[in-house]
Amino acid sequence: MSPLLTSVLWTLIKVAFALFAVGLNIAGLLGWVERKQSAVLQDRIGANRADILGFRILGLFHPIADAVKMLTKEDFVPTGVNRLFHTMAPCFSLGFAFLGLAAIPYGGVVHVAGKAWSLVPIESPVGLLFVLAMLGLGLHGVMMAGWASNSNYALLGGLRGAAQMISYEICMGAILAAPAFLYGTLDLETMVEKQGGFLWGMIPNWGCFTQPLAFILFLVAGTALSKRTPFDLPEGEAEIVGYHVEYSGMKFGMFLMTDFIETIVVSGLAVAIFLGGWQIPGMALDGLSGAVLMLASFITKLLAVLFVLMQIRWTLPRFRFDQLLSLGWKNILPLALANFLVTIWGIYLWR
Amino acid sequence: MAMTVREVSRPARSFMEQIFLWEVCVGLMVTFRHFFVNLARHALRALGLKVEPGAVTIQYPEDPAVLGKRARTRHRLLKRADGSPRCTSCLLCETICPAKCIHITPEESPDPRIEKRAKTFDIDIGLCIFCGYCVEACPVDAIHMDANKVELSSYTREDMIWTMPELMDDVPKLPRALRPAPGIGPTVPFVSGSH
Ligand code: SF4
Ligand code: SF4
(Lines give C-alpha, C1' and ligand atoms only; values in the text may rest on other atoms or scores of the structure.)
(Ligands and ions follow the chains in the order given, each with its own letter.)
Protein backbone atom coordinates (compact mmCIF):
# COMPACT_ATOMS: atom_id res chain seq x y z
CA MET A 1 0.00 0.00 0.00
CA SER A 2 1.21 3.46 -0.74
CA PRO A 3 2.07 5.59 2.30
CA LEU A 4 -0.65 8.10 1.44
CA LEU A 5 -3.37 5.46 1.30
CA THR A 6 -2.13 3.96 4.55
CA SER A 7 -2.24 7.27 6.35
CA VAL A 8 -5.70 8.13 5.00
CA LEU A 9 -7.03 4.71 6.04
CA TRP A 10 -5.41 4.98 9.44
CA THR A 11 -6.94 8.43 9.99
CA LEU A 12 -10.36 7.13 8.98
CA ILE A 13 -10.04 4.23 11.40
CA LYS A 14 -9.05 6.59 14.20
CA VAL A 15 -11.89 9.01 13.49
CA ALA A 16 -14.35 6.12 13.40
CA PHE A 17 -12.96 4.97 16.74
CA ALA A 18 -13.42 8.44 18.20
CA LEU A 19 -16.95 8.80 16.88
CA PHE A 20 -18.34 5.36 17.54
CA ALA A 21 -16.29 3.81 20.32
CA VAL A 22 -15.82 6.95 22.37
CA GLY A 23 -18.59 9.28 21.22
CA LEU A 24 -21.67 7.15 20.77
CA ASN A 25 -20.77 4.52 23.35
CA ILE A 26 -19.92 6.85 26.17
CA ALA A 27 -22.77 9.22 25.29
CA GLY A 28 -25.21 6.32 25.43
CA LEU A 29 -23.68 5.14 28.64
CA LEU A 30 -23.84 8.64 30.10
CA GLY A 31 -27.62 8.53 29.82
CA TRP A 32 -27.54 5.48 32.05
CA VAL A 33 -24.89 6.91 34.36
CA GLU A 34 -26.91 10.10 34.71
CA ARG A 35 -30.00 8.18 35.80
CA LYS A 36 -28.26 5.74 38.08
CA GLN A 37 -25.76 8.12 39.67
CA SER A 38 -28.46 10.63 40.49
CA ALA A 39 -30.62 7.85 41.86
CA VAL A 40 -27.91 6.41 44.10
CA LEU A 41 -26.87 9.75 45.51
CA GLN A 42 -30.50 10.66 46.16
CA ASP A 43 -31.25 7.36 47.98
CA ARG A 44 -33.34 6.08 45.11
CA ILE A 45 -33.00 3.07 42.84
CA GLY A 46 -33.43 4.60 39.42
CA ALA A 47 -34.76 3.28 36.16
CA ASN A 48 -34.57 -0.51 36.23
CA ARG A 49 -37.66 -1.77 34.42
CA ALA A 50 -36.50 -2.19 30.83
CA ASP A 51 -35.74 -5.85 30.38
CA ILE A 52 -34.90 -8.28 27.61
CA LEU A 53 -36.15 -11.79 28.36
CA GLY A 54 -36.41 -10.89 32.02
CA PHE A 55 -32.82 -9.68 32.31
CA ARG A 56 -32.51 -6.17 33.62
CA ILE A 57 -28.76 -5.76 34.35
CA LEU A 58 -29.18 -2.66 36.53
CA GLY A 59 -31.26 -0.86 33.94
CA LEU A 60 -28.57 -0.97 31.25
CA PHE A 61 -31.23 -1.56 28.60
CA HIS A 62 -32.78 1.82 29.20
CA PRO A 63 -30.43 3.68 26.82
CA ILE A 64 -31.40 1.19 24.10
CA ALA A 65 -35.07 1.65 24.90
CA ASP A 66 -34.52 5.41 24.78
CA ALA A 67 -32.87 5.22 21.38
CA VAL A 68 -35.66 3.04 20.01
CA LYS A 69 -38.24 5.42 21.42
CA MET A 70 -36.54 8.50 19.96
CA LEU A 71 -36.12 6.90 16.55
CA THR A 72 -39.69 5.66 16.28
CA LYS A 73 -41.41 8.75 17.64
CA GLU A 74 -43.16 11.12 15.27
CA ASP A 75 -40.87 13.87 14.06
CA PHE A 76 -43.34 16.68 14.57
CA VAL A 77 -42.60 19.99 12.85
CA PRO A 78 -44.96 22.77 13.92
CA THR A 79 -46.40 25.13 11.34
CA GLY A 80 -44.58 28.43 11.07
CA VAL A 81 -41.08 27.11 11.62
CA ASN A 82 -38.38 27.60 9.05
CA ARG A 83 -38.11 23.99 7.94
CA LEU A 84 -34.62 24.17 6.51
CA PHE A 85 -32.99 25.71 9.55
CA HIS A 86 -35.20 23.74 11.91
CA THR A 87 -33.73 20.57 10.42
CA MET A 88 -30.20 21.88 10.11
CA ALA A 89 -29.90 23.05 13.72
CA PRO A 90 -29.54 19.65 15.43
CA CYS A 91 -27.22 18.45 12.67
CA PHE A 92 -24.99 21.48 13.23
CA SER A 93 -24.92 20.96 16.99
CA LEU A 94 -24.17 17.28 16.87
CA GLY A 95 -21.84 17.43 13.89
CA PHE A 96 -19.52 20.03 15.36
CA ALA A 97 -19.54 18.28 18.72
CA PHE A 98 -18.43 15.10 16.95
CA LEU A 99 -15.69 16.96 15.06
CA GLY A 100 -14.39 18.30 18.34
CA LEU A 101 -14.30 14.76 19.63
CA ALA A 102 -12.15 13.68 16.70
CA ALA A 103 -9.28 16.00 17.63
CA ILE A 104 -8.87 14.76 21.20
CA PRO A 105 -5.53 12.94 21.68
CA TYR A 106 -6.54 9.48 22.84
CA GLY A 107 -2.94 8.34 22.63
CA GLY A 108 0.52 9.43 21.58
CA VAL A 109 2.90 8.10 18.97
CA VAL A 110 3.76 4.41 19.13
CA HIS A 111 6.19 2.42 16.99
CA VAL A 112 4.73 -0.77 15.61
CA ALA A 113 6.17 -2.77 12.72
CA GLY A 114 8.96 -0.27 12.15
CA LYS A 115 6.62 2.67 11.66
CA ALA A 116 5.40 5.51 13.82
CA TRP A 117 1.65 5.53 14.36
CA SER A 118 -0.03 8.50 15.96
CA LEU A 119 -3.16 7.69 17.93
CA VAL A 120 -4.65 11.19 17.59
CA PRO A 121 -7.54 10.97 15.12
CA ILE A 122 -7.02 14.42 13.57
CA GLU A 123 -3.35 15.30 13.88
CA SER A 124 -2.94 19.03 13.78
CA PRO A 125 -0.38 21.47 15.18
CA VAL A 126 -3.30 23.64 16.32
CA GLY A 127 -5.45 20.88 17.83
CA LEU A 128 -6.44 22.97 20.81
CA LEU A 129 -7.76 25.78 18.63
CA PHE A 130 -9.57 23.25 16.48
CA VAL A 131 -11.44 21.81 19.45
CA LEU A 132 -12.29 25.25 20.78
CA ALA A 133 -13.50 26.30 17.35
CA MET A 134 -15.73 23.25 17.10
CA LEU A 135 -17.17 23.92 20.55
CA GLY A 136 -17.81 27.49 19.41
CA LEU A 137 -19.44 26.47 16.15
CA GLY A 138 -21.82 24.21 18.04
CA LEU A 139 -23.39 27.41 19.30
CA HIS A 140 -24.81 28.03 15.84
CA GLY A 141 -27.00 24.99 16.23
CA VAL A 142 -28.47 26.43 19.41
CA MET A 143 -29.07 29.86 17.89
CA MET A 144 -30.48 28.39 14.72
CA ALA A 145 -32.87 26.20 16.66
CA GLY A 146 -33.98 29.15 18.75
CA TRP A 147 -34.60 31.33 15.75
CA ALA A 148 -36.07 28.79 13.34
CA SER A 149 -38.58 27.45 15.87
CA ASN A 150 -40.69 30.61 15.62
CA SER A 151 -41.46 30.39 19.33
CA ASN A 152 -40.71 32.99 21.97
CA TYR A 153 -39.51 30.43 24.45
CA ALA A 154 -37.15 28.83 21.99
CA LEU A 155 -35.87 32.26 20.98
CA LEU A 156 -35.23 33.15 24.61
CA GLY A 157 -33.37 29.90 25.07
CA GLY A 158 -31.33 30.54 21.95
CA LEU A 159 -30.47 34.04 23.12
CA ARG A 160 -29.42 32.81 26.50
CA GLY A 161 -27.38 30.08 24.87
CA ALA A 162 -25.63 32.58 22.62
CA ALA A 163 -24.79 34.97 25.45
CA GLN A 164 -23.66 32.19 27.74
CA MET A 165 -21.53 30.31 25.26
CA ILE A 166 -19.83 33.36 23.78
CA SER A 167 -18.98 34.66 27.26
CA TYR A 168 -17.55 31.36 28.32
CA GLU A 169 -15.66 30.83 25.09
CA ILE A 170 -13.77 34.02 25.80
CA CYS A 171 -13.12 32.78 29.32
CA MET A 172 -12.03 29.45 27.89
CA GLY A 173 -9.53 31.14 25.62
CA ALA A 174 -8.11 33.18 28.48
CA ILE A 175 -7.89 30.13 30.73
CA LEU A 176 -6.20 27.89 28.17
CA ALA A 177 -3.71 30.57 27.13
CA ALA A 178 -1.75 29.90 30.33
CA PRO A 179 -1.16 26.15 29.84
CA ALA A 180 -0.59 26.74 26.13
CA PHE A 181 2.25 29.13 26.98
CA LEU A 182 3.54 26.78 29.65
CA TYR A 183 3.79 23.89 27.19
CA GLY A 184 4.80 26.22 24.40
CA THR A 185 2.47 24.63 21.88
CA LEU A 186 -1.12 24.42 20.66
CA ASP A 187 -0.78 20.79 19.65
CA LEU A 188 -2.72 18.69 22.13
CA GLU A 189 -0.48 15.69 21.63
CA THR A 190 2.71 17.64 22.31
CA MET A 191 1.03 19.06 25.41
CA VAL A 192 0.44 15.54 26.69
CA GLU A 193 4.02 14.55 25.94
CA LYS A 194 5.30 17.53 27.94
CA GLN A 195 3.39 16.27 30.96
CA GLY A 196 5.56 13.19 31.35
CA GLY A 197 8.06 12.93 34.18
CA PHE A 198 7.84 14.28 37.67
CA LEU A 199 7.88 17.59 39.52
CA TRP A 200 10.47 17.55 42.31
CA GLY A 201 10.77 13.84 41.77
CA MET A 202 7.40 12.81 43.18
CA ILE A 203 4.35 14.63 41.82
CA PRO A 204 3.49 13.77 38.24
CA ASN A 205 4.19 16.75 36.01
CA TRP A 206 0.52 17.20 35.12
CA GLY A 207 -1.25 20.41 34.25
CA CYS A 208 -3.50 20.26 37.29
CA PHE A 209 -0.40 20.54 39.50
CA THR A 210 1.45 23.14 37.46
CA GLN A 211 -1.71 25.15 36.68
CA PRO A 212 -4.17 24.43 39.51
CA LEU A 213 -6.14 27.65 39.13
CA ALA A 214 -6.52 27.17 35.39
CA PHE A 215 -7.73 23.62 36.02
CA ILE A 216 -10.53 24.69 38.34
CA LEU A 217 -11.55 27.59 36.11
CA PHE A 218 -11.50 25.27 33.13
CA LEU A 219 -13.89 22.83 34.79
CA VAL A 220 -16.31 25.68 35.54
CA ALA A 221 -16.10 27.20 32.08
CA GLY A 222 -16.26 23.78 30.47
CA THR A 223 -19.47 22.93 32.29
CA ALA A 224 -20.91 26.24 31.16
CA LEU A 225 -19.81 25.62 27.60
CA SER A 226 -21.48 22.23 27.47
CA LYS A 227 -24.73 23.76 28.78
CA ARG A 228 -25.19 21.33 31.65
CA THR A 229 -26.57 22.05 35.10
CA PRO A 230 -25.69 24.29 37.01
CA PHE A 231 -25.39 26.30 33.80
CA ASP A 232 -28.27 24.84 31.79
CA LEU A 233 -29.92 28.19 31.23
CA PRO A 234 -30.45 27.74 27.49
CA GLU A 235 -32.67 24.81 28.49
CA GLY A 236 -34.08 25.99 31.78
CA GLU A 237 -36.73 23.27 31.83
CA ALA A 238 -38.53 24.87 34.72
CA GLU A 239 -38.96 28.28 33.08
CA ILE A 240 -38.77 28.30 29.29
CA VAL A 241 -37.95 24.71 28.25
CA GLY A 242 -35.42 26.29 25.94
CA TYR A 243 -34.17 26.32 22.41
CA HIS A 244 -35.37 22.78 21.68
CA VAL A 245 -38.93 23.28 22.85
CA GLU A 246 -40.31 22.78 19.33
CA TYR A 247 -38.34 19.62 18.66
CA SER A 248 -39.44 16.04 19.00
CA GLY A 249 -38.25 12.59 18.13
CA MET A 250 -34.68 12.03 17.09
CA LYS A 251 -34.02 15.72 16.41
CA PHE A 252 -34.58 16.35 20.09
CA GLY A 253 -32.48 13.30 20.80
CA MET A 254 -29.65 14.83 18.80
CA PHE A 255 -29.70 17.94 20.98
CA LEU A 256 -29.69 15.70 24.02
CA MET A 257 -26.72 13.83 22.64
CA THR A 258 -24.92 17.05 21.77
CA ASP A 259 -24.90 17.92 25.45
CA PHE A 260 -23.36 14.58 26.30
CA ILE A 261 -20.81 14.72 23.47
CA GLU A 262 -19.80 18.26 24.40
CA THR A 263 -19.33 17.09 27.97
CA ILE A 264 -17.08 14.35 26.67
CA VAL A 265 -15.12 16.83 24.56
CA VAL A 266 -14.65 19.16 27.53
CA SER A 267 -13.61 16.24 29.73
CA GLY A 268 -11.24 15.09 27.00
CA LEU A 269 -9.65 18.53 26.91
CA ALA A 270 -9.39 18.53 30.69
CA VAL A 271 -7.67 15.16 30.63
CA ALA A 272 -5.32 16.12 27.79
CA ILE A 273 -4.29 19.50 29.14
CA PHE A 274 -4.51 19.09 32.89
CA LEU A 275 -4.50 15.40 33.80
CA GLY A 276 -1.56 14.16 31.79
CA GLY A 277 -3.57 12.75 28.89
CA TRP A 278 -2.51 9.19 28.21
CA GLN A 279 0.55 9.44 30.47
CA ILE A 280 0.94 6.90 33.22
CA PRO A 281 3.47 8.32 35.73
CA GLY A 282 6.78 6.53 35.61
CA MET A 283 6.04 4.44 32.51
CA ALA A 284 7.37 4.88 29.01
CA LEU A 285 4.62 3.65 26.67
CA ASP A 286 5.47 2.28 23.25
CA GLY A 287 4.63 -0.61 20.99
CA LEU A 288 1.31 -2.40 20.77
CA SER A 289 0.94 -2.86 24.53
CA GLY A 290 1.84 0.80 24.96
CA ALA A 291 -0.96 1.80 22.62
CA VAL A 292 -3.47 -0.26 24.58
CA LEU A 293 -2.24 1.17 27.88
CA MET A 294 -2.41 4.69 26.47
CA LEU A 295 -6.02 4.25 25.41
CA ALA A 296 -6.94 2.60 28.70
CA SER A 297 -5.28 5.34 30.71
CA PHE A 298 -6.94 8.10 28.71
CA ILE A 299 -10.40 6.55 28.84
CA THR A 300 -10.08 5.87 32.56
CA LYS A 301 -9.20 9.49 33.26
CA LEU A 302 -11.97 10.61 30.91
CA LEU A 303 -14.54 8.54 32.79
CA ALA A 304 -13.28 9.87 36.12
CA VAL A 305 -13.71 13.47 34.97
CA LEU A 306 -17.14 12.67 33.58
CA PHE A 307 -18.08 11.11 36.91
CA VAL A 308 -17.09 14.26 38.79
CA LEU A 309 -18.88 16.52 36.29
CA MET A 310 -21.99 14.37 36.63
CA GLN A 311 -21.78 14.61 40.39
CA ILE A 312 -21.52 18.40 40.13
CA ARG A 313 -24.51 18.39 37.80
CA TRP A 314 -26.61 16.59 40.42
CA THR A 315 -25.32 18.60 43.37
CA LEU A 316 -25.65 22.25 42.44
CA PRO A 317 -28.83 24.19 41.69
CA ARG A 318 -29.06 26.29 38.56
CA PHE A 319 -27.54 29.78 38.44
CA ARG A 320 -29.57 32.85 37.68
CA PHE A 321 -28.68 34.41 34.36
CA ASP A 322 -27.12 37.58 35.77
CA GLN A 323 -25.16 35.45 38.24
CA LEU A 324 -23.94 33.32 35.38
CA LEU A 325 -22.73 36.25 33.33
CA SER A 326 -21.14 38.04 36.24
CA LEU A 327 -19.42 34.82 37.23
CA GLY A 328 -18.02 34.59 33.74
CA TRP A 329 -17.08 38.21 33.06
CA LYS A 330 -16.28 39.55 36.51
CA ASN A 331 -14.71 36.53 38.17
CA ILE A 332 -13.45 33.88 35.80
CA LEU A 333 -12.10 36.19 33.10
CA PRO A 334 -10.01 38.43 35.43
CA LEU A 335 -8.76 35.39 37.33
CA ALA A 336 -7.83 33.66 34.10
CA LEU A 337 -6.02 36.76 32.80
CA ALA A 338 -4.17 37.16 36.10
CA ASN A 339 -3.20 33.52 35.96
CA PHE A 340 -2.02 34.03 32.40
CA LEU A 341 0.13 37.02 33.35
CA VAL A 342 1.66 35.24 36.33
CA THR A 343 2.39 32.23 34.14
CA ILE A 344 4.13 34.27 31.45
CA TRP A 345 6.12 36.11 34.07
CA GLY A 346 7.08 32.84 35.72
CA ILE A 347 8.16 31.32 32.42
CA TYR A 348 10.19 34.44 31.60
CA LEU A 349 11.97 34.42 34.97
CA TRP A 350 12.55 30.70 34.84
CA ARG A 351 14.16 30.89 31.45
CA MET B 1 -53.49 51.86 60.84
CA ALA B 2 -50.17 53.18 59.83
CA MET B 3 -48.15 50.83 57.80
CA THR B 4 -45.01 49.67 59.51
CA VAL B 5 -41.90 48.93 57.60
CA ARG B 6 -39.47 46.50 59.08
CA GLU B 7 -36.02 46.18 57.66
CA VAL B 8 -34.84 42.62 57.64
CA SER B 9 -31.12 42.55 57.21
CA ARG B 10 -29.72 39.84 55.05
CA PRO B 11 -27.20 37.63 56.79
CA ALA B 12 -23.72 38.76 55.85
CA ARG B 13 -21.89 36.30 53.68
CA SER B 14 -18.46 35.28 54.73
CA PHE B 15 -15.53 35.29 52.36
CA MET B 16 -15.63 31.52 52.06
CA GLU B 17 -19.28 31.70 51.01
CA GLN B 18 -18.60 34.45 48.54
CA ILE B 19 -15.94 32.68 46.57
CA PHE B 20 -18.41 29.83 46.32
CA LEU B 21 -15.79 27.23 45.60
CA TRP B 22 -15.53 25.96 49.14
CA GLU B 23 -19.31 25.74 49.41
CA VAL B 24 -19.39 23.73 46.22
CA CYS B 25 -16.87 21.35 47.77
CA VAL B 26 -19.02 21.02 50.90
CA GLY B 27 -22.04 20.23 48.75
CA LEU B 28 -20.06 17.73 46.74
CA MET B 29 -18.86 16.05 49.90
CA VAL B 30 -22.46 15.47 50.96
CA THR B 31 -23.47 13.98 47.64
CA PHE B 32 -20.30 11.92 47.34
CA ARG B 33 -20.86 10.52 50.82
CA HIS B 34 -24.41 9.55 49.93
CA PHE B 35 -23.24 8.08 46.66
CA PHE B 36 -20.54 5.86 48.09
CA VAL B 37 -22.43 4.84 51.23
CA ASN B 38 -25.46 3.87 49.17
CA LEU B 39 -23.30 2.10 46.62
CA ALA B 40 -21.64 0.07 49.39
CA ARG B 41 -25.02 -0.79 50.87
CA HIS B 42 -26.37 -1.90 47.50
CA ALA B 43 -23.27 -4.03 46.96
CA LEU B 44 -23.37 -5.61 50.41
CA ARG B 45 -27.06 -6.42 50.07
CA ALA B 46 -26.44 -7.95 46.67
CA LEU B 47 -23.92 -10.20 48.43
CA GLY B 48 -26.65 -11.22 50.85
CA LEU B 49 -25.56 -9.26 53.91
CA LYS B 50 -28.20 -7.73 56.13
CA VAL B 51 -27.33 -4.05 56.07
CA GLU B 52 -29.56 -1.04 55.74
CA PRO B 53 -30.99 -0.71 52.24
CA GLY B 54 -29.25 1.77 49.96
CA ALA B 55 -32.51 3.29 48.78
CA VAL B 56 -35.79 4.22 50.38
CA THR B 57 -37.68 3.15 47.27
CA ILE B 58 -40.50 0.64 47.72
CA GLN B 59 -40.72 -1.30 44.47
CA TYR B 60 -44.41 -1.83 44.90
CA PRO B 61 -45.57 -4.85 42.96
CA GLU B 62 -42.56 -6.85 44.19
CA ASP B 63 -42.40 -5.36 47.68
CA PRO B 64 -45.71 -5.29 49.54
CA ALA B 65 -47.28 -1.89 50.00
CA VAL B 66 -46.83 -0.84 53.61
CA LEU B 67 -49.63 1.30 54.92
CA GLY B 68 -50.31 2.54 58.41
CA LYS B 69 -51.70 0.05 60.93
CA ARG B 70 -54.98 1.91 61.00
CA ALA B 71 -55.37 2.38 57.26
CA ARG B 72 -58.87 1.64 56.00
CA THR B 73 -59.00 -0.55 52.94
CA ARG B 74 -61.42 -3.31 51.91
CA HIS B 75 -64.44 -4.26 53.99
CA ARG B 76 -64.95 -7.55 55.75
CA LEU B 77 -68.16 -9.00 57.15
CA LEU B 78 -67.59 -10.83 60.41
CA LYS B 79 -69.18 -14.17 61.32
CA ARG B 80 -70.66 -15.72 64.41
CA ALA B 81 -69.20 -18.84 65.95
CA ASP B 82 -71.46 -20.99 63.76
CA GLY B 83 -70.26 -19.31 60.58
CA SER B 84 -73.37 -17.27 59.79
CA PRO B 85 -72.89 -13.55 59.23
CA ARG B 86 -73.25 -11.33 62.26
CA CYS B 87 -75.12 -8.70 60.32
CA THR B 88 -78.70 -8.24 61.46
CA SER B 89 -79.67 -6.22 58.41
CA CYS B 90 -80.49 -3.16 60.41
CA LEU B 91 -79.50 -0.98 57.44
CA LEU B 92 -77.67 1.52 59.66
CA CYS B 93 -74.55 1.27 57.53
CA GLU B 94 -76.53 1.59 54.32
CA THR B 95 -78.17 4.69 55.75
CA ILE B 96 -75.05 6.40 56.95
CA CYS B 97 -72.91 5.60 53.92
CA PRO B 98 -72.18 8.97 52.30
CA ALA B 99 -71.33 7.36 48.99
CA LYS B 100 -74.51 5.28 49.00
CA CYS B 101 -72.60 2.24 47.94
CA ILE B 102 -73.96 -0.38 50.36
CA HIS B 103 -77.00 -2.32 49.17
CA ILE B 104 -78.63 -4.81 51.53
CA THR B 105 -81.70 -7.03 50.99
CA PRO B 106 -83.00 -8.11 54.41
CA GLU B 107 -84.90 -11.31 55.00
CA GLU B 108 -86.52 -13.16 57.90
CA SER B 109 -84.04 -15.09 60.00
CA PRO B 110 -84.86 -18.74 60.86
CA ASP B 111 -83.36 -18.18 64.31
CA PRO B 112 -86.16 -16.76 66.51
CA ARG B 113 -83.65 -14.88 68.68
CA ILE B 114 -82.48 -12.89 65.63
CA GLU B 115 -85.00 -10.66 63.95
CA LYS B 116 -83.51 -10.34 60.46
CA ARG B 117 -80.54 -11.31 58.44
CA ALA B 118 -79.06 -10.14 55.17
CA LYS B 119 -80.10 -12.02 52.08
CA THR B 120 -77.66 -10.09 49.94
CA PHE B 121 -75.06 -7.56 51.04
CA ASP B 122 -73.23 -5.77 48.24
CA ILE B 123 -70.66 -3.01 48.56
CA ASP B 124 -69.59 -1.15 45.46
CA ILE B 125 -65.95 -0.61 46.29
CA GLY B 126 -65.65 1.56 43.21
CA LEU B 127 -67.92 4.15 44.82
CA CYS B 128 -66.76 3.73 48.43
CA ILE B 129 -64.73 6.61 49.79
CA PHE B 130 -63.28 4.51 52.64
CA CYS B 131 -64.62 6.84 55.30
CA GLY B 132 -65.24 4.04 57.77
CA TYR B 133 -68.66 5.33 58.85
CA CYS B 134 -70.24 1.95 58.17
CA VAL B 135 -67.88 0.34 60.65
CA GLU B 136 -68.71 2.90 63.29
CA ALA B 137 -72.44 2.73 62.67
CA CYS B 138 -72.83 -0.99 63.04
CA PRO B 139 -74.48 -1.85 66.38
CA VAL B 140 -73.39 -5.50 66.34
CA ASP B 141 -69.82 -5.05 65.11
CA ALA B 142 -70.57 -6.98 61.96
CA ILE B 143 -68.51 -4.99 59.47
CA HIS B 144 -64.79 -4.19 59.61
CA MET B 145 -62.21 -2.78 57.27
CA ASP B 146 -58.87 -4.48 56.65
CA ALA B 147 -55.70 -2.46 57.02
CA ASN B 148 -53.49 -3.49 54.11
CA LYS B 149 -55.58 -4.86 51.25
CA VAL B 150 -55.23 -2.20 48.59
CA GLU B 151 -55.24 -4.34 45.47
CA LEU B 152 -58.88 -3.77 44.63
CA SER B 153 -58.71 -2.75 41.01
CA SER B 154 -60.60 -4.45 38.21
CA TYR B 155 -61.30 -4.00 34.53
CA THR B 156 -65.05 -3.37 34.77
CA ARG B 157 -67.34 -1.45 37.08
CA GLU B 158 -69.37 -4.59 37.80
CA ASP B 159 -66.31 -6.32 39.10
CA MET B 160 -65.86 -3.59 41.68
CA ILE B 161 -69.02 -4.80 43.46
CA TRP B 162 -68.23 -7.13 46.33
CA THR B 163 -70.97 -9.56 47.35
CA MET B 164 -71.60 -11.11 50.75
CA PRO B 165 -69.59 -14.33 50.31
CA GLU B 166 -66.69 -12.31 48.99
CA LEU B 167 -66.91 -9.82 51.83
CA MET B 168 -66.82 -12.74 54.28
CA ASP B 169 -63.91 -14.33 52.39
CA ASP B 170 -66.02 -17.43 51.77
CA VAL B 171 -65.17 -17.22 48.07
CA PRO B 172 -62.20 -15.39 46.60
CA LYS B 173 -62.87 -12.13 44.79
CA LEU B 174 -62.53 -12.94 41.13
CA PRO B 175 -63.48 -11.08 37.96
CA ARG B 176 -66.90 -12.15 36.71
CA ALA B 177 -65.42 -14.01 33.75
CA LEU B 178 -63.37 -16.22 36.05
CA ARG B 179 -66.03 -17.02 38.60
CA PRO B 180 -66.68 -20.74 39.01
CA ALA B 181 -70.48 -20.85 39.11
CA PRO B 182 -73.24 -18.49 38.11
CA GLY B 183 -75.32 -16.84 40.77
CA ILE B 184 -72.53 -15.66 43.01
CA GLY B 185 -72.19 -12.28 41.34
CA PRO B 186 -74.05 -9.11 42.33
CA THR B 187 -77.64 -9.81 43.06
CA VAL B 188 -79.22 -6.42 42.59
CA PRO B 189 -78.81 -4.45 39.39
CA PHE B 190 -77.10 -1.30 40.53
CA VAL B 191 -78.17 2.20 39.77
CA SER B 192 -76.11 4.46 41.93
CA GLY B 193 -78.08 6.66 44.27
CA SER B 194 -81.41 4.86 43.67
CA HIS B 195 -82.56 4.29 47.22
S1 SF4 C 1 -66.43 3.23 54.20
FE2 SF4 C 1 -67.85 4.94 54.02
S3 SF4 C 1 -68.28 5.05 51.85
FE4 SF4 C 1 -67.36 3.07 52.19
S5 SF4 C 1 -69.07 1.70 52.46
FE6 SF4 C 1 -68.46 2.39 54.50
S7 SF4 C 1 -69.76 4.16 54.91
FE8 SF4 C 1 -69.87 3.78 52.70
S1 SF4 D 1 -74.90 -1.73 60.40
FE2 SF4 D 1 -74.03 -3.74 60.85
S3 SF4 D 1 -75.73 -4.99 61.34
FE4 SF4 D 1 -76.60 -3.15 60.42
S5 SF4 D 1 -76.83 -3.74 58.26
FE6 SF4 D 1 -74.81 -2.78 58.45
S7 SF4 D 1 -73.43 -4.49 58.83
FE8 SF4 D 1 -75.44 -5.25 59.16
Side-chain angles (χ1 to χ4, degrees), chain A residues 33-51 54 56-59 212-224 229-231 304-320 323-324 326-328 330-332 334-336 338-339, chain B residues 7-68 71 148 150-155:
Chain A
V33 170
E34 173 140 50
R35 283 202 179 115
K36 279 298 185 184
Q37 192 172 339
S38 65
V40 171
L41 74 88
Q42 290 170 349
D43 304 351
R44 299 185 283 111
I45 289 182
N48 63 352
R49 295 284 150 162
D51 65 294
R56 288 181 174 171
I57 350 180
L58 300 172
L213 184 60
F215 179 52
I216 291 167
L217 294 180
F218 177 85
L219 282 186
V220 179
T223 322
T229 327
F231 304 109
V305 175
L306 283 173
F307 173 68
V308 173
L309 285 184
M310 199 64 94
Q311 193 84 9
I312 291 174
R313 183 236 179 286
W314 285 100
T315 302
L316 301 180
R318 189 190 305 140
F319 277 66
R320 225 168 46 216
Q323 289 174 333
L324 171 88
S326 71
L327 177 74
K330 293 192 197 155
N331 299 311
I332 294 185
L335 275 176
N339 184 46
Chain B
E7 296 256 336
V8 183
S9 61
R10 288 180 185 274
R13 286 196 293 168
S14 66
F15 176 72
M16 276 318 222
E17 279 163 8
Q18 262 172 15
I19 60 170
F20 200 60
L21 208 58
W22 174 245
E23 295 294 315
V24 168
C25 291
V26 172
L28 277 179
M29 273 188 303
V30 173
T31 47
F32 268 123
R33 194 184 67 229
H34 269 260
F35 182 82
F36 286 115
V37 167
N38 286 337
L39 209 60
R41 283 179 178 161
H42 282 309
L44 288 178
R45 274 178 88 87
L47 292 177
L49 268 69
K50 289 269 172 291
V51 291
E52 258 186 71
V56 292
T57 314
I58 297 168
Q59 308 212 52
Y60 163 62
E62 287 96 29
D63 302 345
V66 185
L67 302 179
N148 239 321
V150 284
E151 279 144 8
L152 302 169
S153 53
S154 75
Y155 285 105

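Since we're looking at a predicted model, the values are computed, not measured. In what follows, chains are A, B, ... by sequence order, proteins preceding strands, each numbered from 1.
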Counting heavy-atom pairs under 4.5 Å with chain A, the top scorer among B:Val24, B:Leu21, B:Leu28, B:Val56 is B:Leu28
Are there donor-acceptor atom pairs under 3.5 Å between chain B and chain A, and if so which?
unit_1: B:Thr31; atom_1: O; unit_2: A:Gln311; atom_2: NE2; d: 3.2
unit_1: B:Thr31; atom_1: OG1; unit_2: A:Gln311; atom_2: NE2; d: 3.4
unit_1: B:Thr31; atom_1: OG1; unit_2: A:Thr315; atom_2: OG1; d: 2.9
unit_1: B:His34; atom_1: ND1; unit_2: A:Asp43; atom_2: OD1; d: 3.1
unit_1: B:Asn38; atom_1: ND2; unit_2: A:Val40; atom_2: O; d: 2.6
unit_1: B:Asn38; atom_1: ND2; unit_2: A:Asp43; atom_2: OD1; d: 2.6
unit_1: B:Val56; atom_1: N; unit_2: A:Asp43; atom_2: O; d: 3.0
unit_1: B:Thr57; atom_1: OG1; unit_2: A:Ile45; atom_2: N; d: 3.4
unit_1: B:Gln59; atom_1: OE1; unit_2: A:Asn48; atom_2: ND2; d: 3.3
unit_1: B:Gln59; atom_1: OE1; unit_2: A:Arg49; atom_2: NH2; d: 2.7
unit_1: B:Glu62; atom_1: OE1; unit_2: A:Arg49; atom_2: NH2; d: 3.1
unit_1: B:Glu62; atom_1: OE2; unit_2: A:Arg49; atom_2: NH1; d: 3.3

Testing the basics here: between A:Val40 and B:Phe35, what is the closest heavy-atom pair and its distance to 0.1 Å? CG1-O, 3.5 Å
Considering only heavy atoms, which portion of A:Ile216 lies under 4.5 Å from any heavy atom of chain B: side chain, backbone, both, or neither? side chain
Would you mind checking which part of A:Ile45 comes under 4.5 Å of any heavy atom in chain B, side chain (CB onward), backbone (N, CA, C, O), both or neither? both
Quick one: ring pair (Phe, Tyr, Trp, His ring centres under 6.0 Å) partners of A:Phe319, sequence neighbours excluded? A:Phe231, B:Phe20
